[in-house]
Novice: 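One structure, as structure tokens, below. Some questions next.
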Amino acid sequence: MKKVRVRFAPSPTGYLHVGNARTALFNWLFARQNKGVYILRVEDTDIERSEREYEDRLIKDLRWLGLDWDEGPDKGGDFGPYRQSLRMDPYNEYADALIDQGKAYYCFCSPEELKKEREKAFSRGSTPVYSGRCRDLPIRESKQRVKAGEEAVVRLLTPDKGILTFHDMVRGSLSFQLSLIGDPVLIRSNGIPSYNYAVVIDDALMKISHVIRGEDHIINTVKQLLLYTALGFAPPQFAHLSMVMGKDNTRLSKRHGATSVYQFSQQGILSSALFNYLALLGWSPPDGREVLSKNELIEGFDLTKASRSAAIFDYDKLYWINRQHIKMLTDKEKAEKIFVELKKAGYLPDSLDHKQWQWLEKAATPLSKGINTFSDIKEKFSVFFIFSPETMTAEARKVIETDCGRKVVTALDEKLNREKEINFDRLSVISRDIKKDTGCKGKDLFHPLRVALTAQISGLGLDTFIPLVEEGSQLSFPVPIKGCAQRAAEISCFIRGT
Ligand code: GLU
């Protein structure tokens, strides 16, 4: 195979959509697997919609996702510049050459005339195709009109009939009737190159070997292949990926939920999980495994086995994959993620001392069990930081307002008052004593105990909770953690008042 050089060519007109991120990722996997070169090219010729801010965000989001590139606007390279707005010279040079060779021509048809032609075609029920009215204008005359300031676009002269066939690495052989294509615009009347033209000049000059992109570009590929022929450049190989859709089979959009890489990163999805999920969006490994590392994906990925049918974005599956990736993190890695969230929530200070980190690392694994993303972690930690009889749920109140509930809570308060330090073994002894003293057992004993210490009726096992809450109560946090004795005292005081 020719030296692999692939590119991701986003237009900086918005946040990085997961559909585009999937394209970026497939290109990256293909490049890395073939020891090729991965290029980032910014297609910013749509001056009105392109913004530098989007480009900066895009670069950050691609990096966050774990992609790196060998050539790009921020990195340079031998084939730069890598931002289309800086590449006007080659666009103009090749367009002039095509005009001089009679392969392209100036078209003076006004937008109104073209609109009329299109409407006529629609009313006949046929596909609008540019009539080719300006094809035969003598070049010298056209050049003079342009020089005199008349508005014109440059169009490629294309065959009126015939069939164009190309091989798509995903879809196999594809054929198109040229009579339906029309002469594509290369340079607009404001001097800006069209997408189809700029992309061919860039792909050719950057020696791109494979163009991997969404299937919405298939018809553009036909126009681009005609351009390769006119320019005398060898075309790359093409692979068109199926579209990313919502479960209702419409293009994935805001209506379905989060759609940009940035949104998912803000939701606390791990980049390794989004990477893993996007790789499975329209491709799956032959052994059916779904939780895969970056290296396993580089090794196993097979572009030619990408799916031809729509890739359905399944949020539940993404969360499931995220949960699997959370499990694979070390305690330290989990603690670091949790720290960010709890700092945001105001539970933790801007920096932690050694003992606080140790506490957080011990809490990290039990507390992150079952969370979809780290944004859910605040809720889990509230059992430490928020404890108040007033905020108890009705169910929890019911538990302690029974006869046994009152007796157990009062006894627990009295006993903990006398204890210096409490751990789970000690609580087991105490609860046996309470059982003896009050005659309450089973649910009637354990439910009130749990509520007295956590103000909740379910959650972490007390064997995990007690050491963490006791240790946490010795540390100084912006929101102090109350220890077991204080908790039991507050609940006991509360029921005395009811
Ligand atoms: N700028 C184009 C887009 O974002 C690139 C398409 C292509 O890969 O050629 O759709």
Side-chain angles (χ1 to χ4, degrees), residues 4-31 36-52 54-59 61-62 65 67 69 71-73 79 81-88 91 166 168-171 174 184-186 188 192-228 231 233 235-244 251-253 259-262 278 282 303 306 311:
V4 167
R5 287 180 57 85
V6 292
R7 79 324 189 255
F8 176 54
S11 307
T13 54
Y15 281 28
L16 178 60
H17 188 276
V18 282
N20 282 336
R22 194 268 314 250
T23 301
L25 191 133
F26 277 28
N27 273 285
W28 186 88
L29 288 174
F30 188 72
V37 175
Y38 185 61
I39 296 161
L40 177 67
R41 184 175 71 222
V42 174
E43 304 210 322
D44 58 350
T45 51
D46 184 345
I47 330 167
E48 267 148 38
R49 292 174 57 229
S50 295
E51 279 179 36
R52 197 50 192 263
Y54 287 134
E55 182 184 320
D56 295 343
R57 181 77 264 153
L58 196 95
I59 288 185
D61 290 344
L62 288 170
L65 192 58
L67 303 185
W69 41 97
E71 298 171 22
F79 300 84
Y82 294 90
R83 198 175 282 122
Q84 285 188 327
S85 55
L86 302 175
R87 300 176 59 83
M88 292 302 154
Y91 303 143
F166 71 93
D168 185 293
M169 289 172 77
V170 175
R171 280 147 214 282
L174 298 175
V185 171
L186 306 184
R188 299 197 186 90
I192 304 288
S194 66
Y195 154 71
N196 276 313
Y197 177 59
V199 100
V200 169
I201 298 293
D202 291 346
D203 285 344
L205 297 185
M206 291 181 184
K207 299 198 184 321
I208 299 300
S209 60
H210 298 78
V211 168
I212 305 165
R213 61 188 171 199
E215 67 175 334
D216 50 337
H217 285 291
I218 289 186
I219 203 69
N220 288 327
T221 298
V222 178
K223 296 175 187 170
Q224 292 174 20
L225 281 166
L226 293 170
L227 253 164
Y228 277 100
L231 289 159
F233 293 141
Q237 275 189 266
F238 289 94
H240 291 96
L241 309 171
S242 55
M243 293 284 101
V244 175
R251 284 268 196 117
L252 188 73
S253 71
T259 55
S260 71
V261 169
Y262 184 62
L278 292 178
L303 180 61

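Order of listing sets the numbers, starting from 1, for every ligand and every atom in it.
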Novice: Could you tell me if the side chain of V199 sits less than 4.5 Å from the side chain of R41, heavy atoms only?
Specialist: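 In contact.
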
Novice: If you measure from CG on L58 to CG on L40, what distance do you get to the nearest 0.5 Å?
Specialist: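 So the CG of L58 and the CG of L40 are separated by 6.5 Å.
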
Novice: Judged by modelled atom types alone, do D202 and Y91 share a side-chain donor-acceptor pair under 3.5 Å?
Specialist: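 Result is yes, a qualifying pair exists.
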
Novice: Which residue pairs pass the salt bridge (Lys or Arg N to Asp or Glu O under 4.0 Å) test with at least one member in residues 6-29, sequence neighbours excluded?
Specialist: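 Every pair satisfying salt bridge (Lys or Arg N to Asp or Glu O under 4.0 Å) with a residue in residues 6-29: R7-D203.
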
Novice: Could you tell me the separation between the CZ atom of F238 and the OG1 atom of T221, rounded to the nearest 0.5 Å?
Specialist: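 So the gap between those two atoms works out to 5.0 Å.
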
Novice: Any protein N or O within less than 3.5 Å of an N or O in ligand 1? List each pair with its distance, or say none.
Specialist:
from, atom 1, to, atom 2, distance (Å)
ligand 1, 1 (N), A9, O, 2.8
ligand 1, 1 (N), S11, OG, 3.0
ligand 1, 1 (N), E43, OE1, 2.6
ligand 1, 8 (O), R7, NH1, 2.7
ligand 1, 8 (O), R7, NH2, 3.4
ligand 1, 9 (O), R7, NH2, 3.0
ligand 1, 9 (O), Y195, OH, 2.6
ligand 1, 9 (O), R213, NH1, 2.8
ligand 1, 10 (O), H217, NE2, 3.0

Novice: Roughly how far, to the nearest 0.5 Å, is CG of N196 from CG of L186?
Specialist: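 Reported to 0.5 Å precision, the distance equals 9.0 Å.
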
